[in-house]
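Computed from a predicted model, the values in this text were never measured in an experiment. Numbers here simply count residues along the sequence, with the first being 1.
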Amino acid sequence: MTAIAGENVPRHGIRILAIWLVLTAIAVPLIVLVLGPHLPPPHLSAESGDQRNANILMTALMVPIALLVVVFFVYSFVYFRQSGEAILDGPPIRGHAGAQLLWIVLTSVIVLTLAVWGSYTLIASSHGAGGGQGPDPIAKPTGYRHALPVQVIGQQWEWTFRYPTYGGIETRDLAIPDHTLVAFHVTSIDVTHSFWAYELGVKADAVPGVDNIAYVHPRHAGFFQIRCAELCGLWHGHMSKKGRVLSLPAFQSWIAAAQKKNAAIVKYLPTYNHVYFPAPLRRAG
């Protein structure tokens, strides 16, 4: 019995491998070509596009590993299940040094490759990753000196936005031009918030006294969700609104209208600065 079981092991291994290869050859192209375009986030900016590509890659790598586990368990359930009424002890299970070594090598290669690729994407790419990098970013995108600065101010429980190159006006609405590098200067005037522009692929903490810079390259006009991703008090869930990516002419018209609408209150605003320290007992604005 031991010899027969030993002879069957290679055959079962080949069957499992063959089934796994066939399913992988079917599943991975479906993941990349069919499911991939629908994975989040939407492709509204270069950063969100890179994040979607990363999600596609991670999913495509995860599927063969998951399929191998599923195929092994299903195959074992079908071929090695107990048959008959008699309850018998199964043959002893012994380790296979070659299989164990192969698993360690393959998983190590996958993890190290992803680490190198992820580091390159974050640091060496031409436009950063959409995350806040603090007041002095290391991964500066090409043309960062000419980026349109937009200050994002978190406060309980609202977002406001200042445009220093347009007279320092402050608005409750956020609009940015497409095909223009934008530098979000994210800060807070009370507690820690987190500025999450989902469709843009931007997420940066808003910390009191910190100018947290995040770059974004909008690719086409559209709406994007703005939410607070850091628990900041009772009305944390209320800190949500919609922003807009506009064509350059539409943005110029919008900013001109905003300047006219807010002209009367500009004189009451503090001088534009990277951070603000309001009096403890009053809210800015």
Side-chain angles (χ1 to χ4, degrees), residues 45 47 127-128 130-141 143-197 200 202-218 224 226-230 232 239 241-246 248 250-285:
S45 70
E47 288 71 21
H127 48 72
Q133 302 183 59
D136 188 20
I138 296 175
K140 297 182 177 71
Y144 73 94
R145 296 182 184 277
H146 305 290
L148 172 68
V150 178
Q151 187 173 53
V152 179
I153 305 171
Q155 50 198 294
Q156 293 177 311
W157 288 274
E158 176 65 285
W159 295 108
T160 59
F161 311 95
R162 293 194 74 172
Y163 294 81
T165 55
Y166 293 94
I169 63 166
E170 184 171 354
T171 73
R172 296 183 63 197
D173 301 313
L174 175 60
I176 56 177
D178 64 354
H179 295 94
T180 302
L181 176 61
V182 176
F184 286 121
H185 292 258
V186 184
T187 190
S188 169
I189 62 172
D190 40 42
V191 300
T192 298
H193 305 275
S194 186
F195 174 66
W196 183 23
L200 291 181
V202 173
K203 186 175 182 296
D205 288 343
V207 180
V210 177
D211 176 29
N212 196 9
I213 301 174
Y215 295 102
V216 67
H217 297 69
F224 55 91
I226 301 172
R227 297 174 183 172
C228 179
E230 183 73 29
C232 58
M239 289 185 66
K241 58 178 59 181
K242 283 188 176 181
R244 290 177 289 173
V245 177
L246 304 173
L248 187 56
F251 173 76
Q252 295 293 349
S253 298
W254 177 86
I255 200 72
Q259 286 177 306
K260 182 177 180 180
K261 177 181 178 181
N262 294 281
I265 63 171
V266 169
K267 62 183 178 180
Y268 296 107
L269 295 174
T271 303
Y272 177 81
N273 202 346
H274 289 155
V275 296
Y276 305 97
F277 298 96
L281 299 180
R282 64 185 291 268
R283 295 279 188 260

Discussion item. Do Gln151 and Tyr276 have side chains that approach each other closer than 4.5 Å (heavy atoms only, starting at C-beta)?
Written reply: yes
Worksheet item: Does a side-chain heavy-atom distance below 4.5 Å link Asn212 with Val207?
Response: no
Worksheet item: Can you find a pair of side-chain heavy atoms, one from Pro208 and one from Thr192, that are under 4.5 Å apart?
Response: yes
Discussion item. Between Arg162 and Glu170 (side chain of the first, backbone of the second, donor and acceptor by atom type, cut-off under 3.5 Å), is there such a pair?
Written reply: no
Practice prompt. Taking all non-hydrogen atoms of both residues into account, name the closest pair between Pro218 and Pro177 and its distance.
Written response: CG-O, 3.6 Å
Worksheet item: How many angstroms lie between CG in Leu181 and CD1 in Ile176, if you round to the nearest 0.5 Å?
Response: 10.0 Å
Worksheet item: CD of Gln155 to OG1 of Thr187: how many Å apart, nearest 0.5 Å?
Response: 10.5 Å
Discussion item. Quick one: does any side-chain atom of Lys203 pair with a main-chain N or O of Ala229 as donor and acceptor, under 3.5 Å?
Written reply: no
Worksheet item: Hey, what do you get for OH (Tyr215) to CD (Glu47), rounding to the nearest 0.5 Å?
Response: 11.5 Å
Worksheet item: Are the aromatic ring centres of Trp254 and Phe161 under 6.0 angstrom apart?
Response: no
Discussion item. Minimum heavy-atom separation for Asp205 and Ser194, please, with both atom names.
Written reply: OD1-OG, 3.1 Å
Response to the item:
Per side chain to side chain contact (heavy atoms under 4.5 Å, CB included), Met239 is matched among Glu158, Arg227, His193 by His193
Worksheet, complete the sentence: side chain to side chain contact (heavy atoms under 4.5 Å, CB included) test vs Trp159 passes for just one of Leu174, Thr171, Ile226, namely Ile226
Worksheet, complete the sentence: Value for CD (Gln156) from CG (Asp190), rounded to nearest 0.5 Å, stands at 4.5 Å
Item to complete: Give a yes or no on whether Lys261 atom NZ has more than 12 heavy-atom contacts from other residues, nucleotides or ligands under 6.0 Å away.
Response: no
Discussion item. Using the side chain to side chain contact (heavy atoms under 4.5 Å, CB included) definition, which of the options Thr165, Val182, Ile213 pairs with Pro149?
Written reply: Thr165
Item to complete: Supply the atom-to-atom distance Tyr163 OH to Phe251 CZ, rounded to the nearest 0.5 angstrom.
Response: 5.5 Å
Worksheet item: Going from SG on Cys228 to CH2 on Trp196, what distance comes out if it is rounded to the nearest 0.5 angstrom?
Response: 11.0 Å
